[in-house]
Every structure is written in C-alpha cells, then in structure tokens.
Amino acid sequence: MDQHGTDVAIGGESLRALYDTDLATLSDSATEPEIAAIHDEFCVKHACLGTKITPVPLERFGHVMSMNSFRRFVARPGASAGGLPPRSGMIGPIPTPPMSSSEANAMLLARLETEALRSDGGAIWCLQSKTSPELPLADIDVSLLPCRLGLKRSKESDGSDANWIAFSVGPPPTEWRRPTFADTTWPFLTDWKPGGLTMASPEYSCGPGFPEAIGRGVTYGQLTPGAGPFAAAWPTA
C-alpha cells in the first residue's frame with residue numbers, strides 16, 4: 001500500500017486498478033463531462049480509504065475556510081461545507097464583509113453541537129501539526145495558511161480579497177485518514193498532489209506544506225475558533 005495518497009489496496013486490488021476499470025467503460029471519444037461523471041461516481045464509492053491516522057491523546061487538526069464559505073455554510077441552517085443547499089430560514093442576518101470575530105463566533109455557537117459540519121456525510125480536509133498536536137495552529141503565521149494549504153484566492157462581491165477563518169478540530173472520535181486521489185472531485189483533481197503534504201500553487205512562495213488529513217462526521221461541537229477573520233497573504237515566487 002502506498003503511504004502517500006496515490007493508491008491503497010482494497011480486497012487485494014489496488015484503488016488505481018479499480019479506477020482504470022471504471023475509466024475503461026468510456027469510449028475513446030468521451031467528453032470531459034463524461035469523464036468527470038465517472039470520476040466523481042468513483043469518489044463517492046471509494047472516499048476515505050487512505051491510510052488511517054492514529055492521533056496522539058488530545059490531538060486536534062486545523063481547518064481553514066474563506067469567510068465566503070463561512071457565511072454560506074455556517075450562517076444558514078442545513079447548509080454544509082459539502083455545498084448542499086440550505087433549508088429555509090437563517091440564524092439571524094448574515095453580516096456583509098467585513099465580519100467581526102464576535103459575529104463569526106456567535107454564528108458558530110448558534111449551531112447544534114451534534115450537527116455535522118457536512119450534512120452530506122462527506123469528509124473535511126485538515127492540516128496536521130507534527131510539532132504542536134494539541135494546538136495545530138500554534139506558532140504558524142495564519143496569514144500564510146490559505147496559500148500554504150494550496151487554497152484558491154476567494155473574492156468578495158466588490159472584487160476585494162475575502163478574509164479567512166481557521167479552526168482546530170477534535171479531539172476524536174472522528175476517524176482521520178490520509179487522502180487519496182479518490183477524495184478529490186473532478187474540479188479539484190488537478191490541484192491535489194500526491195505525497196501526503198499540502199502544496200501551494202507554483203506562482204506563490206509562502207512556505208512548506210502541511211501533512212494532510214481528512215475526517216468524516218465532524219460536528220460543530222468539535223470546532224474551536226483558532227484565528228480570524230484574518231486577511232491572507234499571497235507572496236509571489
């Protein structure tokens with residue numbers, strides 16, 4: 001079994017071999033949407049099968065999202081980080097940018113502790129700290145986090161750069177695993193790189209990547225605000 005996210009063994013057959021079998025059902029003239037549909041269907045069937053992570057006692061993981069995502073997914077009941085549409089109704093008005101930390105925390109606290117961050121059952125992507133497992137965001141320049149994680153720059157409606165927010169997640173019982181290519185849906189497949197570490201886009205020079213971890217079943221009760229809202233830095237190479 002590959003330990004860096006490129007492949008795993010399933011019932012004696014490699015994940016990559018199963019993927020190639022599914023792709024073989026396509027014709028030579030298959031369009032990109034047809035290939036994408038096969039890929040995303042494969043992801044649904046084979047998500048979260050990478051190497052299992054055994055956290056140390058009290059270990060937590062770091063999760064970062066743009067304030068655009070925070071407003072869409074956290075402020076609206078029934079919305080999720082998986083992108084499902086929200087139910088009717090909202091937890092108070094959604095502040096327009098900029099949002100203060102107190103407003104963000106109030107929205108976070110308004111969610112039920114047992115409610116899943118992703119109501120579709122999908123995993124969230126996190127960073128793992130090798131130097132400070134209980135405080136994964138300690139001693140990190142948070143302004144560089146979105147860049148070092150390889151996240152896309154997020155824009156507000158006025159064209160300005162969106163702010164970001166970071167959380168620590170845990171402790172278990174969430175099961176954590178290393179991601180594989182089957183955890184990356186088609187629109188993001190070219191952004192993910194095997195090797196077990198996040199990676200900044202080549203046009204930026206913001207520091208080394210972090211060990212990646214994905215976890216299913218994360219609830220709002222497992223989130224602790226770590227930093228933000230903050231402005232991200234995107235130093236060019």
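- Side-chain atoms of Ser132 come within 3.5 Å of backbone N or O of Leu135 as a donor-acceptor pair.
- Applying the side-chain hydrogen bond (donor to acceptor under 3.5 Å, both in side chains) test to Glu34 and every residue at least two apart in sequence or in another chain returns Thr31.
- Side-chain atoms of Thr185 do not come within 3.5 Å of backbone N or O of Pro187 as any donor-acceptor pair.
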Given side chain to side chain contact (heavy atoms under 4.5 Å, CB included), test Phe210 with Cys126 step by step and report yes or no. CA-CA 9 Å; Phe210 298 94; Cys126 294; over 6 Å; no

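- At distances below 3.5 Å, at least one donor-acceptor pair connects side-chain atoms of Asp183 with backbone N or O atoms of Cys48.
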Begin from the C-alpha positions of Thr219 and Glu115 and carry the test side chain to side chain contact (heavy atoms under 4.5 Å, CB included) through to its verdict. CA-CA 5 Å; Thr219 66; Glu115 183 181 356; over 6 Å; no

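- Within a 6.0 Å sphere centred on CD of Glu203, heavy atoms belonging to other residues, nucleotides or ligands number more than 12.
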Show your working on side chain to side chain donor-acceptor pair (under 3.5 Å) between Glu212 and Trp192 and close with a plain yes or no. CA-CA 11 Å; Glu212 293 177 305; Trp192 178 77; 3.3 Å; yes

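- Salt bridge present: Lys45 and Asp22 bring a charged side-chain N and a carboxylate O closer than 4.0 Å.
- A 4.5 Å side-chain heavy-atom check between Ile38 and Leu23 finds at least one atom pair inside the cut-off.
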Salt bridge (charged side-chain N to carboxylate O under 4.0 Å, His left out) between Lys152 and Asp191, intermediate numbers included: CA-CA 9 Å; Lys152 298 289 190 183; Asp191 296 324; 3.4 Å; yes

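- Scanning both residues, Arg148 and Pro208, for their nearest heavy atoms gives NE-O, 2.8 Å.
- Between Leu197 and Pro211 the shortest heavy-atom distance is CD2-N, 3.5 Å.
- Following chains of ILVMFWY side-chain contacts shorter than 4.5 Å, one cannot reach Val169 starting from Leu151, and the two form parts of different hydrophobic clusters.
- Using bins of under 30°, 30° to 60° and over 60° for the plane-to-plane angle, the ring pair His39/Phe181 lands in the tilted bin.
- One distance of note links OH of Tyr19 with SG of Cys43; it measures 7.0 Å at 0.5 Å rounding.
- Taking the side chain as every heavy atom from C-beta outward, Leu223 and Leu117 approach each other to under 4.5 Å.
- The two residues Ala162 and Asn68 have their closest heavy-atom pair at CB-ND2, 3.8 Å.
- For Asp20, the CG atom counts as densely surrounded, since its 6.0 Å shell holds more than 12 non-hydrogen atoms of other residues, nucleotides or ligands.
- Although no hydrogens or angles enter the test, the distance criterion places no donor-acceptor pair under 3.5 Å between the side chain of Arg60 and the main chain of Glu134.
- Here Phe230 pairs with nothing under the ring-ring contact (aromatic ring centres under 6.0 Å, His included) rule; sequence neighbours left out.
- Follow the hydrophobic side-chain contacts under 4.5 Å out from Leu137 and you reach Leu149 in the same cluster.
- Two residues are said to be in side-chain contact when any heavy atoms from C-beta on lie closer than 4.5 Å; Phe61 and Phe167 fail this criterion.
- Note on Val218: it clusters hydrophobically with Met65, by side-chain heavy-atom contacts below 4.5 Å among ILVMFWY residues.
- Between Leu144 atom CG and Trp234 atom CH2 the span is 10.0 Å, to the nearest 0.5 Å.
- Contact record, Arg216 with Ala47: NH2-CB, 3.7 Å, taken as the closest heavy-atom pair.
- Using a distance-only test at 3.5 Å, with no hydrogens or angles considered, no donor-acceptor pair links the side chain of His63 to the main chain of Ile124.
- In this structure, CZ on Arg178 lies 13.5 Å from NZ on Lys52, to the nearest 0.5 angstrom.
- Side chains of Trp125 and Thr184 form a contact here, defined as non-hydrogen atoms less than 4.5 Å apart.
- The backbone N or O of Asp161 lies less than 3.5 Å from no partner atom in the side chain of Arg153, so there is not a single donor-acceptor pair.
- One finds the SG atom of Cys147 at 10.0 Å from the CG atom of Leu145 (value rounded to the nearest 0.5 Å).
- In this structure, the side chain of Thr25 does not engage the main chain of Thr21 through any donor-acceptor pair within 3.5 Å.
- The shortest non-hydrogen separation linking Leu18 to His46 is CD1-NE2, 4.0 Å.
- Nearest heavy atom pair, residue Pro146 against residue Ala232, reads CG-CB, 3.8 Å.
- Separation of atoms OG (Ser69) and CD1 (Ile165) is listed at 11.5 Å; rounding is to 0.5 Å.
- A continuous path of Ile, Leu, Val, Met, Phe, Trp and Tyr side chains, each step under 4.5 Å between heavy atoms, connects Tyr204 with Val142, placing both in one hydrophobic cluster.
- Listed by chain and residue number, Glu175 satisfy the salt bridge (Lys or Arg N to Asp or Glu O under 4.0 Å) test with Arg177 (two or more places apart in sequence, or in another chain).
- Placement of Ile35 and Leu15 within a single hydrophobic cluster is found when ILVMFWY residues are connected by side-chain heavy-atom separations under 4.5 Å, directly or transitively.
- Annotation: the span from Lys193 atom NZ to Thr198 atom OG1 amounts to 11.5 Å, rounded to 0.5 Å.
- Within the 3.5 Å criterion, the main-chain N or O of Trp186 finds a donor-acceptor partner in the side chain of Asp40.
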